[in-house]
Amino acid sequence: MNRIYLDHAATTPTDPRVIEVMLPYFNQTFANPSSIHNLGQQAEKAVETARASLAAMISCKPDEILFTSCGSESDNLALRGSALAAREHQGANQILISPVEHDAIHNTATQLQDLFGFDVKFLPTDEFGRVNPKDVSSRINENTAVISIIHASNEIGTINPITEIGSMCQEREVSFHSDAVQSAAHYPLDVQSLNVDMLSIGAHKFYGPKGIGALYVRRGSKIFPSQTGGSQEFGLRAGTENVPYIIGMVEALRLTRNEHKERYDRLNNLRNHIIDRILESIPDTLLTGHPRERLPNHASFAFKDVDANTLIMFLDMEGYACSSGSACKTGKPEPSATLIQLGLPSNWAMGSLRVTLGKDTTPEEIDSFLSLLPKVVDKVRNLEKMAI
Ligand SMILES: *Cc1c(COP(=O)(O)O)cnc(C)c1O
């Protein structure tokens, strides 16, 4: 069967050009970058060249880049590391996050609350999941340890006004982290204009390999390591560097940025077409997330009285790989926590569908998907009526 992949927010295929540049680092320049011998120095040089080139891309210094194992690890290090440091140095105890964070932030905050006694507060959002910078400003106090707000939501695609929020945080001298794991695939991120102290990215969302990520940490930020051991990554992240994956991630980001404009415009047009067609062809359908301020490849919907898991399974049987947008994979159907937060009734929040396009998605694939979807939604709705 010809399978059509419409789940690029979950992961992307590794670009063959990226695999190509990685290969020599598995068995030629393979030595441990911490080794003193010449082979070790060659590997170290490759890592440091990659670090400098990533730093130049996002407008920071090389020693402000930490390589990690994934976007989740970057989020963990940023939130836990800076929360614990802020408490140690200032006695600050409050963590502010948005209600639409990825689990890597949400569940880290929950753990910091449950096991470490931090006070986690959720910022309000509008109906599209956007945080208002004024609400951040009004909630910061002398007890605020760190603020973390997702740049672009993986579930509903909404973009947050990170630059404005960041400038509020700078004024009040509170450490500010943003999870940019989704947005790095679509915007040429610049940590100076975003006004962030920390920024997470993960390679497999922008056609790099899985299992590698990076965290930007502004010089002077107080942060404790969450993985202790050797002195790699400036003592903030122990473990022998994953040289081939570091090389691959930086190449993938370079390609993403070089090809940014053409990818963006093409995806944005294709995505707008999907939104228009689905809203007009399927009754009782809502667009979730922001209508304009959203990732260019991201369309997400809620269908009234549809079970998302059944819908996704039926689409899969027809050869289309989509997602409900929330992490629920198995077990009993649950409405999306994010959509409930945004005020949707549960018979709508149960029926979420996320369609995320990639750089190689074709208009033909989208047309065939768009002609199929109304029938499948109808089928699932009829099944549900029969079950009642
Ligand atoms: C995928 C994703 C992550 C986790 O990244 P991994 O590299 O898979 O650990 C974190 N945040 C967002 C917004 C994501 O989309």
Side-chain angles (χ1 to χ4, degrees), residues 5-14 18 54 65-81 97-111 125 129-131 148-160 162 165 177-187 189 194 196 198-216 226-227 237 239 242 245-246 248-250 252-253 256 267 288-290 293-300 321-329 336-338 341 352 354-358:
Y5 184 76
L6 300 173
D7 197 14
H8 291 82
T11 195
T12 58
T14 309
V18 168
L54 174 52
I65 299 282
L66 307 179
F67 293 120
T68 66
S69 69
C70 59
S72 298
E73 191 197 325
S74 297
D75 283 350
N76 269 261
L77 174 55
L79 196 69
R80 192 178 296 107
I97 64 172
S98 90
V100 295
E101 294 304 310
H102 187 273
D103 280 347
I105 288 295
H106 183 266
N107 292 344
T108 304
T110 305
Q111 193 209 44
T125 69
R130 250 166 94 90
V131 174
S148 182
I149 297 174
I150 195 164
H151 189 195
S153 163
N154 46 300
E155 187 172 345
I156 55 173
T158 297
I159 312 275
N160 268 309
I162 294 302
I165 297 170
H177 167 257
S178 184
D179 173 339
V181 177
Q182 287 291 332
S183 52
H186 304 287
Y187 303 93
L189 301 177
L194 285 171
V196 290
M198 293 170 285
L199 189 90
S200 301
I201 63 170
H204 74 99
K205 303 288 173 77
F206 51 84
Y207 307 95
K210 294 166 188 60
I212 184 78
L215 178 67
Y216 158 74
S226 53
Q227 179 157 302
R237 199 276 180 181
N242 191 341
Y245 283 56
I246 289 171
M249 173 170 63
V250 174
L253 194 63
T256 295
L267 287 171
T288 57
H290 203 282
E293 298 294 321
R294 63 186 301 135
L295 290 166
N297 72 326
H298 194 295
S300 55
C322 300
S323 158
S324 66
S326 61
C328 183
K329 255 190 253 161
S336 147
T338 303
Q341 284 272 5
S352 54
R354 180 182 73 183
V355 182
T356 46
L357 316 179

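In listed order, ligands and their atoms are each counted from 1.
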> Among Thr356, Leu357, Ile159, which one satisfies side chain to side chain contact (heavy atoms under 4.5 Å, CB included) with Leu295?
Replying inline: Ile159
> Would a distance-only check, ignoring hydrogens and angles, find a side-chain to backbone donor-acceptor pair under 3.5 Å from Arg354 to Gly157?
Replying inline: no
>> Donor-acceptor pair, distance only, cut-off 3.5 Å: does the side chain of Asp7 make one with the backbone of Ala321?
In response: no
Give me the pairs of N or O atoms, one from ligand 1 and one from the protein, that sit under 3.5 Å apart.
residue, atom, partner, partner atom, Å
ligand 1, 7 (O), Gly71, N, 2.8
ligand 1, 7 (O), His204, NE2, 3.3
ligand 1, 8 (O), His204, NE2, 2.8
ligand 1, 9 (O), Ser72, N, 2.9
ligand 1, 9 (O), Ser72, OG, 2.7
ligand 1, 11 (N), Asp179, OD1, 3.3
ligand 1, 11 (N), Asp179, OD2, 2.6
ligand 1, 15 (O), Gln182, NE2, 2.7
ligand 1, 15 (O), Lys205, NZ, 2.7

> With no hydrogens and no angle check, do the side chains of Ser300 and Thr288 hold a donor and an acceptor under 3.5 Å apart?
Replying inline: yes
N/O donor-acceptor pairs under 3.5 Å from side chains in residues 70-79, not counting sequence neighbours:
residue, atom, partner, partner atom, Å
Glu73, OE1, Ser69, N, 2.8
Glu73, OE1, Ser69, OG, 2.7
Glu73, OE1, Arg237, NE, 3.3
Glu73, OE1, Arg237, NH2, 2.8
Glu73, OE2, Arg237, NE, 2.7
Ser74, OG, Thr68, OG1, 2.8
Ser74, OG, Cys70, O, 3.3
Ser74, OG, Ala214, O, 2.9
Asp75, OD1, Ser200, OG, 2.7
Asn76, OD1, Arg80, NH1, 3.2
Asn76, OD1, Arg80, NH2, 3.0
Asn76, OD1, Thr108, OG1, 3.3
Asn76, ND2, Ser72, O, 2.9

> What do you reckon, is OH of Tyr5 surrounded by more than 12 foreign heavy atoms closer than 6.0 Å?
Replying inline: yes
